[in-house]
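Right, one structure below, let's go through it.
Keep in mind that this is a model prediction, so the values were computed, not measured.
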Amino acid sequence: MKTNLRKFLLLAIILLSPNVVRAESLCSYSEQAELNNIVGHVTAKYEAVDVYNGKAVDVDRQDENGNAPEVDFYLRGLKISILNITEEISVKVTSKNDGKEYTFEYKDTDNGVAEITTTDVEELNTYTIEVFANKYACIGERYRTFDLKTPMYNFYSQLQVCEENPGYYYCQEFIPTNNINAEAFYKNIENYQQEEESPIEEPENKNFLDKLKEFYENNKLIIYSVGMVIVVAGVATTVILIKKKRSRVL
């Protein structure tokens, strides 16, 4: 019974443990160690970019005949980069929101960096990145899985009030949390403006006598107490000295 229980617990640990190399790999231990070292250096990051979205008519540059030139049109989006891809591995990236999958080998990268550009940024998203062996007898075995969480585009950032208050959290272009409704936005930014406009009290320039007087007023009781102790101690010491002097004379 105990043996069966141990086997059950061991199986549960293997099945529930994330990112564990398969126990029965076709690669040797030395090959697995090499691949583990390589996949451990794979990282991912994101950055905000302008994404080309074709041509558009620039109505602000209409001439007197109503003709407007065509210009390149861009949307704000994110560029996701997966770094340190080598010839020994391949990478699969899956977008949680729309289920899109992207697969990269070293030949698909720019010196080991693969990039995905997206304008689907109206919601928070999570990209799951799986790293597979692409060498030796264990080609196709998964060696690592990790996630990259991306922020959402904040439409409030385009408002005039945000241009005037760029430091307010919900005026950032991209935010890593869900947005708030318009009522909460304007209420919070009003509070933010009031805090920013509150005058900061500058410390007064005080001379030594003013500081000494202030110290005395703030510590009057302590000063009196210490003074009384000193006086009592001085009187007691004087009395003792006088008594000793009289004793010697007698």
Side-chain angles (χ1 to χ4, degrees), residues 17-21 35-56 71-135 140-182 184-185 188-189 192:
S17 297
N19 307 333
V20 175
V21 179
L35 290 169
N36 276 321
N37 181 57
I38 292 170
V39 303
H41 288 84
V42 176
T43 59
K45 65 177 183 177
Y46 64 82
E47 61 179 309
V49 294
D50 289 322
V51 182
Y52 180 71
N53 199 48
K55 295 286 186 179
V71 295
D72 292 334
F73 181 60
Y74 293 87
L75 293 173
R76 289 298 277 170
L78 293 174
K79 181 173 71 176
I80 297 152
S81 301
I82 299 90
L83 297 80
N84 301 321
I85 298 175
T86 68
E87 294 180 348
E88 291 80 8
I89 60 175
S90 63
V91 173
K92 183 172 78 171
V93 183
T94 305
S95 167
K96 180 180 178 181
N97 283 1
D98 56 20
K100 287 184 178 179
E101 295 183 355
Y102 310 84
T103 302
F104 302 99
E105 295 184 5
Y106 181 76
K107 63 183 180 181
D108 307 314
T109 70
D110 181 8
N111 291 323
V113 179
E115 294 179 349
I116 300 169
T117 303
T118 179
T119 56
D120 183 17
V121 291
E122 288 78 22
E123 297 178 311
L124 301 174
N125 200 0
T126 299
Y127 290 85
T128 298
I129 301 160
E130 299 173 274
V131 189
F132 299 86
N134 201 35
K135 186 181 180 182
E141 291 183 12
R142 185 174 59 194
Y143 269 68
R144 185 184 173 203
T145 301
F146 65 99
D147 291 335
L148 174 68
K149 297 183 184 298
T150 55
M152 64 180 290
Y153 180 75
N154 175 24
F155 55 87
Y156 290 133
S157 64
Q158 297 300 307
L159 299 177
Q160 177 66 33
V161 69
C162 276
E163 293 183 14
E164 299 168 356
N165 300 274
Y168 177 52
Y169 176 80
Y170 285 104
C171 281
Q172 297 179 64
E173 186 178 33
F174 285 89
I175 54 175
T177 56
N178 286 315
N179 222 324
I180 56 177
N181 60 42
F185 171 80
N188 290 348
I189 202 168
Y192 173 83

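Closest approach of Ala114 and Ile85 over heavy atoms only: CB-CD1, 3.8 Å. In terms of heavy atoms, Tyr156 sits closest to Ala182 at OH-N, 3.0 Å. Heavy-atom minimum distance, Val42 versus Phe146: O-CZ, 3.8 Å. Summarising the geometry of Ala133 relative to Leu35, their closest heavy-atom pair is CB-CD1, 3.8 Å, with the distance given to 0.1 Å.
Side-chain contact between Lys55 and Asp72 is present, with at least one heavy-atom pair separated by less than 4.5 Å. Contact of the Ile189 side chain with the Val161 side chain is registered, since non-hydrogen atoms from C-beta on lie closer than 4.5 Å. For the pair Val121 and Arg76, the minimum side-chain heavy-atom distance is 4.5 Å or more. Between Ile82 and Ile80, some side-chain heavy-atom pair lies under the 4.5 Å cut-off. The shortest distance between side-chain heavy atoms of Glu87 and Asn134 does not fall below 4.5 Å. Using a 4.5 Å heavy-atom cutoff, the side chains of Tyr169 and Asn188 are not in contact. Looking only at side-chain heavy atoms (C-beta outward), Leu78 and Phe174 come within less than 4.5 Å of each other. Put simply, the side chain of Thr103 does not reach to within 4.5 Å of the side chain of Phe132, judged on heavy atoms.
No donor-acceptor contact under 3.5 angstrom links the side chains of Ser157 and Asn154, judged on distance only.
Not a single donor-acceptor pair under 3.5 Å links the side chain of Asn84 to the backbone N or O of Gly112. Judged by distance alone, with hydrogens and angles left aside, the side-chain atoms of Asp50 form no donor-acceptor pair with the main-chain N or O of Tyr74 at under 3.5 Å. Side-chain atoms of Asp110 do not come within 3.5 Å of backbone N or O of Val113 as any donor-acceptor pair.
The salt bridge (charged side-chain N to carboxylate O under 4.0 Å, His left out) analysis of residues 114-123, with sequence neighbours excluded, yields the pairs Lys79-Glu115.
Taken to the nearest 0.5 Å, the CG atom of Leu75 stands 5.5 Å off from the OG1 atom of Thr119. A distance of 15.5 Å separates OH of Tyr46 from OG1 of Thr117, quoted to the nearest 0.5 Å.
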task: Walk me through it: do Val51 and Val49 pass the test side-chain contact (heavy atoms from CB on, under 4.5 Å)?
output: CA-CA 6 Å; Val51 182; Val49 294; 4.0 Å; yes
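Thr43 meets the side-chain hydrogen bond (donor to acceptor under 3.5 Å, both in side chains) test with no other residue; sequence neighbours excluded. For the salt bridge (charged side-chain N to carboxylate O under 4.0 Å, His left out) test, no residue two or more places apart in sequence or in another chain qualifies with Asp108.
Between Val39 and the options Arg142, Glu88, Glu130, Arg144, a side chain to side chain contact (heavy atoms under 4.5 Å, CB included) holds for only Arg144. For the side chain to side chain donor-acceptor pair (under 3.5 Å) criterion with Thr128, the lone passing option out of Thr94, Asp147, Thr145 is Asp147. The residue from Tyr170, Phe185, Tyr153 that alone fulfils the side chain to side chain contact (heavy atoms under 4.5 Å, CB included) condition with Asn179 is Tyr170. Tested against Ser95, the residues Thr126, Asn125, Thr150, Thr118 include a single side chain to side chain donor-acceptor pair (under 3.5 Å) partner, Asn125.
Under a cut-off of 6.0 angstrom, the local environment of NZ in Lys135 is crowded, with over 12 non-hydrogen atoms contributed by other residues, nucleotides or ligands.
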